[in-house]
Amino acid sequence: MRIATWNVNSLNARLARVDEWLAYAEPDVVLLQETKMSDQQFPYGHFAAQGYDSAHHGQGRWNGVAVLSRVGIEDPVVGFADGREPDPDARIISARCGGITVSSVYVPNGRALDHDHYRYKLDWLGRLRAHLEATCDRADQVMVGGDFNVCPDGRDAWDPDNTAPRTHVSDREREALQAVCDWGLVDVFRAHYDADGLHSWWDYREGAFYKRHGLRIDLLLASASVAAATHFCLIDRNARKGTKPSDHAPVFADISQ
DNA sequence: ATGGTCGCGCAGCGA
């Protein structure tokens with residue numbers, strides 16, 4: 001089974017690129033972020049015609065997450081099930097696809113270290129761990145994929161020597177991400193590749209993609225059984241090329257059975 | 001050069 005995650009930066013603007021990618025990558029499950037549309041606008045029928053059932057959690061012009069699956073979608077859960085107040089943003093949707101409990105997550109950007117949005121980001125990662133504790137068991141087959149807006153370590157930023165404090169690489173963000181992983185999840189891409197310079201996002205400005213000035217912030221976090229069954233993982237940087245690309249490349253993992 | 005490029009939506013914010 002092939003499970004992918006992709007921040008499409010507006011599904012309306014990216015629909016042709018998504019169709020193209022579904023046709024050649026043939027993923028079984030796709031976790032989308034930043035659809036930037038309402039549930040009423042989501043093209044359920046368009047994906048059904050390509051063999052994918054879908055579940056969407058949108059709010060309109062910002063955020064929005066979805067699951068596409070050609071192996072079934074059971075028991076979709078919108079938002080956090082952690083017993084707290086609802087998240088005001090549409091940033092997580094979960095479902096069971098082909099026996100694996102998947103979540104598509106769009107972690108807040110943070111904006112700046114002294115910004116309220118940074119505190120929201122740290123709290124959001126805490127809520128993600130609480131959501132997993134409330135809804136899953138460590139022994140389950142679980143895959144949490146999405147745009148985490150955090151580089152797990154220095155290999156994941158194009159400029160690891162930049163000592164200026166900034167979002168995406170700060171200690172507190174990395175600790176909050178590590179706390180999610182400590183529940184029982186493995187960064188399956190990193191488990192397959194040690195090298196630096198393997199990025200999943202590049203700014204549209206400054207020709208960042210061609211200079212290889214990127215970040216690896218799009219992650220697939222798998223529970224132990226799913227990580228052990230993952231035999232291949234890739235960031236498809238070809239999808240960042242060409243006409244009207246997203247600023248993120250899709251990442252996928254191939255899982256036995 | 002203190003910007004640069006997108007998307008949304010029609011000004012200026014968010015990323």
Side-chain angles (χ1 to χ4, degrees), chain A residues 5-21 30-43 46-47 56-66 87-93 104-125 128 145-152 156-160 162-170 172-174 176-177 198-219 235-251:
Chain A
T5 180
W6 196 4
N7 181 325
V8 293
N9 184 19
S10 171
L11 185 55
N12 272 331
R14 217 63 59 207
L15 197 57
R17 296 299 303 258
V18 172
D19 289 348
E20 170 196 43
W21 196 77
V30 186
L31 311 173
L32 298 175
Q33 301 87 40
E34 283 207 87
T35 59
K36 295 186 175 179
M37 59 176 52
S38 65
D39 292 338
Q40 289 73 20
Q41 294 172 295
F42 188 82
H46 176 87
F47 290 125
H56 181 247
H57 177 33
Q59 67 181 79
R61 58 184 294 196
W62 285 301
N63 309 310
V65 285
D87 185 356
D89 290 354
R91 295 183 177 275
I92 178 170
I93 185 168
S104 176
V105 304
Y106 177 44
V107 177
N109 173 284
R111 298 182 191 167
L113 298 186
D114 60 355
H115 200 288
D116 278 344
H117 207 255
Y118 182 74
R119 288 179 280 281
Y120 172 53
K121 180 180 195 173
L122 296 176
D123 183 62
W124 203 95
L125 286 164
L128 176 56
D147 176 0
F148 283 78
N149 271 315
V150 180
C151 297
D156 302 313
W158 68 271
D159 187 10
N162 186 342
T163 55
R166 55 200 168 123
T167 61
H168 296 67
V169 298
S170 73
R172 292 176 71 192
E173 287 163 82
R174 286 178 169 161
L177 174 62
L198 302 173
H199 304 142
S200 64
W201 171 86
W202 302 261
D203 201 301
Y204 285 123
R205 295 169 288 187
E206 303 180 292
F209 179 67
Y210 303 97
K211 296 178 186 169
R212 298 183 178 269
H213 290 182
L215 304 175
R216 191 177 72 91
I217 54 178
D218 298 275
L219 310 176
I235 300 171
D236 183 8
R237 65 192 308 284
N238 283 323
R240 181 62 174 79
K241 303 174 183 174
T243 305
K244 281 177 74 75
S246 172
D247 46 353
H248 296 253
V251 185

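In the text below, chain A, chain B and the rest are named by the order of the sequence lines, each starting its count at 1. Computed from a predicted model, the values in this text were never measured in an experiment.
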So, is Arg205(A) close to the dG3(B) phosphate, meaning a side-chain N or O under 4.0 Å from OP1 or OP2? no
Looking at dG7(B), I'd like to know if its phosphate oxygens (OP1 or OP2) sit under 4.0 Å from a side-chain N or O belonging to Arg14(A). yes
Between CH2 of Trp201(A) and P of dG14(B) the distance, given in whole Å, is 16 Å
Would you kindly give the CG-to-C1' distance between Asp89(A) and dG14(B), to the nearest whole Å? 12 Å
Separation between the C1' atoms of dA1(B) and dG9(B), rounded to whole Å: 29 Å
In whole angstroms, how far is the C1' atom of dA15(B) from the OH atom of Tyr118(A)? 17 Å
Check whether any side-chain heavy atom of Leu113(A) sits under 4.5 Å from a side-chain heavy atom of Arg166(A), and report yes or no. no
For nucleotides dG7(B) and dG3(B), find the distance between their P atoms and express it as a whole number of Å. 22 Å
Protein-nucleotide distance (Asn109(A), atom CG; dC6(B), atom C1'), rounded to Å: 15 Å
How many whole angstroms separate atom CZ of Arg17(A) from atom P of dC6(B)? 13 Å
Taking the minimum atom-to-atom distance to the side chain of Arg61(A), which one of dG7(B), dG4(B), dC8(B) wins? dC8(B)
Can you tell me the distance, in whole Å, between the NE2 atom of His213(A) and the C1' atom of dT5(B)? 16 Å
Between Tyr106(A) and Ser10(A), name the one whose nearest nucleotide on DNA chain B is closer to the 5' end. Ser10(A)
Closer than 4.0 Å, any side-chain N/O of Lys36(A) to the OP1 or OP2 of dG9(B)? no
Centre-to-centre under 6.0 Å for Tyr118(A) and His115(A), is that the case here? no
Is it true that the side chains of Thr167(A) and Glu173(A) contain a donor and an acceptor less than 3.5 Å apart? no
Please check if atom CZ in Arg212(A) has more than 12 non-hydrogen atoms from other residues, nucleotides or ligands closer than 6.0 Å. no
When Glu34(A) and Glu206(A) are each assigned the nearest nucleotide of DNA chain B, the 5'-most assignment goes to Glu206(A)
Closest nucleotide among dA15(B), dT5(B), dG14(B) to the Tyr204(A) side chain: dT5(B)
Aromatic plane relationship, His248(A) with Trp201(A) - under 30° parallel, 30 to 60° tilted, over 60° perpendicular: tilted
Could you tell me how far dC6(B) sits from dA11(B) if I compare only their P atoms? Round to whole Å. 22 Å
Which whole-number value in Å describes the distance from Trp62(A) CH2 to dC8(B) C1'? 9 Å
When the distance from CH2 of Trp202(A) to C1' of dC6(B) is rounded to whole Å, what number comes out? 16 Å
